[in-house]
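Taking it in order: structure first as structure tokens, then the write-up.
Only a predicted model underlies this, so the values are computations on that prediction, with no experimental measurement involved. Just so it is clear: chains get the letters A, B, ... in the order the sequence lines come, proteins before strands, and each one is counted from 1.
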Amino acid sequence: MEDPTAHWSGLTPREAIALQREAASRVVIEDDLPEVKLVAGVDVGFENRDTARAAIVVLRLEDLKPVDHAVARLPVPMPYIPGLLSFRECPVILEALSRLRRDPDLLLCDGHGIAHPRRLGVASHTGLLTGLPTIGVGKSRLTGTHGPVPEEQGGWTPLVDKDEEIGAVLRTRSGVKPLYISAGHRISLETALHYVLACTTRYRLPETTRWADGIASDRGQKWLGQLTLSPD
DNA sequence: GCGACAG
DNA sequence: ATCTTGTCGC
């Protein structure tokens, strides 16, 4: 299968923005996903200024145990520009996804979904490029405003931008900074919140993201050593 | 024109 | 994202 990001090198910011506007119109934020048995988390780390490393870990939703994983390395296409993150990360994410032996039913991405100025954060863009249902899990705000977040675990408040509900600010654990959850592709905010909580145990970040973060970082080897791939 | 600004 | 160690608190 050909690489849909093959023409991304050398894109100017304004060309990237034009591309986002067109792509955003194709994002689906209604539930259109299969029964979720396998959930995956993806994260991208940088070995240095020009090499990106993506890690994906697939977990069985039932017990949150890893059943597959993949890592990919690729040159970094362009510098980081707020709002254009997907152009930096999608290529290496697609490469890692292609190396997976088992396709997940749902993918949780590091970064926002439609909680983006043009409604096309890295989670939505990745969903569009792969056709996979995706959820945006951001650790900080890019755009939008919100009121106080309930302190109890599971509590949340809407994230709004221009009178539009673009996501939710969710307290995954009491006493920790909240997470910014938004629909990526083929999923509603309500369902996205459900799965993020279903993947969260004792930490601020869902297990999917924790695994992917660990492997994409320099401590990757330590995490890989913990991967006791559970059989089907 | 002046801030804000995922990872 | 990444540079970096110890340390305050439950």
### Message
Please report the distance, rounded to the nearest Å, between CG in A:L205 and C1' in B:dG7.
### Response
13 Å
### Message
Applying a 4.0 Å non-hydrogen cut-off, can you work out what A:G83 is touching in the nucleic acid: base, sugar-phosphate, or nothing?
### Response
base
### Whole angstrom value for the distance that separates P of B:dC5 from CZ of A:R118
16 Å
### Between B:dA4 (C1') and A:K162 (NZ): distance, integer Å
13 Å
### Task
Please check the phosphate of B:dG7 (OP1 and OP2 only) for any side-chain N or O of A:K139 closer than 4.0 Å.
yes
### Query
What is the nucleic acid contact for A:Y80, judged by heavy atoms within less than 4.0 Å: base, sugar-phosphate only, or nothing?
base
### Task
For A:G121, answer base if it contacts any base atom (sugar-phosphate contacts may also be present), sugar-phosphate if it contacts only those atoms, and nothing otherwise; contact means non-hydrogen atoms under 4.0 Å.
base
### Query
Are A:V67 and A:L132 grouped together when hydrophobic residues (ILVMFWY) are joined by side-chain heavy atoms under 4.5 angstrom apart?
yes
### Message
Among A:T134, A:I187, A:T191, which residue satisfies the side chain to side chain contact (heavy atoms under 4.5 Å, CB included) criterion with A:L106?
### Response
A:I187
### Query
NA contact type, A:L120, heavy-atom cut-off 4.0 Å: base, sugar-phosphate, or nothing?
nothing
### Task
Measure the distance from CZ on A:R119 to C1' on B:dA6 and round it to the nearest whole Å.
14 Å
### Query
Does A:E152 pair with A:R171 as a salt bridge, N-O distance under 4.0 Å?
no
#### Entry: A:Q20 CD - B:dC5 P separation (whole Å)
18 Å
### Query
Can you tell me how far P of B:dA6 sits from CG of A:D161, to the nearest Å?
14 Å
### Query
Please give, in whole Å, the distance from C:dT2 P to A:D43 CG?
8 Å
### Presence of A:S140 side-chain N/O under 4.0 Å of B:dG7 phosphate oxygens OP1/OP2
yes
### Query
Would you say the side chains of A:R14 and A:T12 form a donor-acceptor pair under 3.5 Å?
no
### Query
B:dA6 base stacked by A:Y180? Criteria: ring centres under 5.5 Å, plane angle under 30°.
no
### Presence of A:R141 side-chain N/O under 4.0 Å of B:dA6 phosphate oxygens OP1/OP2
no
### Query
Is it the case that one hydrophobic cluster holds both A:I93 and A:L129, taking links as side-chain heavy atoms less than 4.5 Å apart, direct or via other members?
yes
### Query
Roughly, in whole Å, what's the span from CZ in A:R173 to P in C:dC10?
16 Å
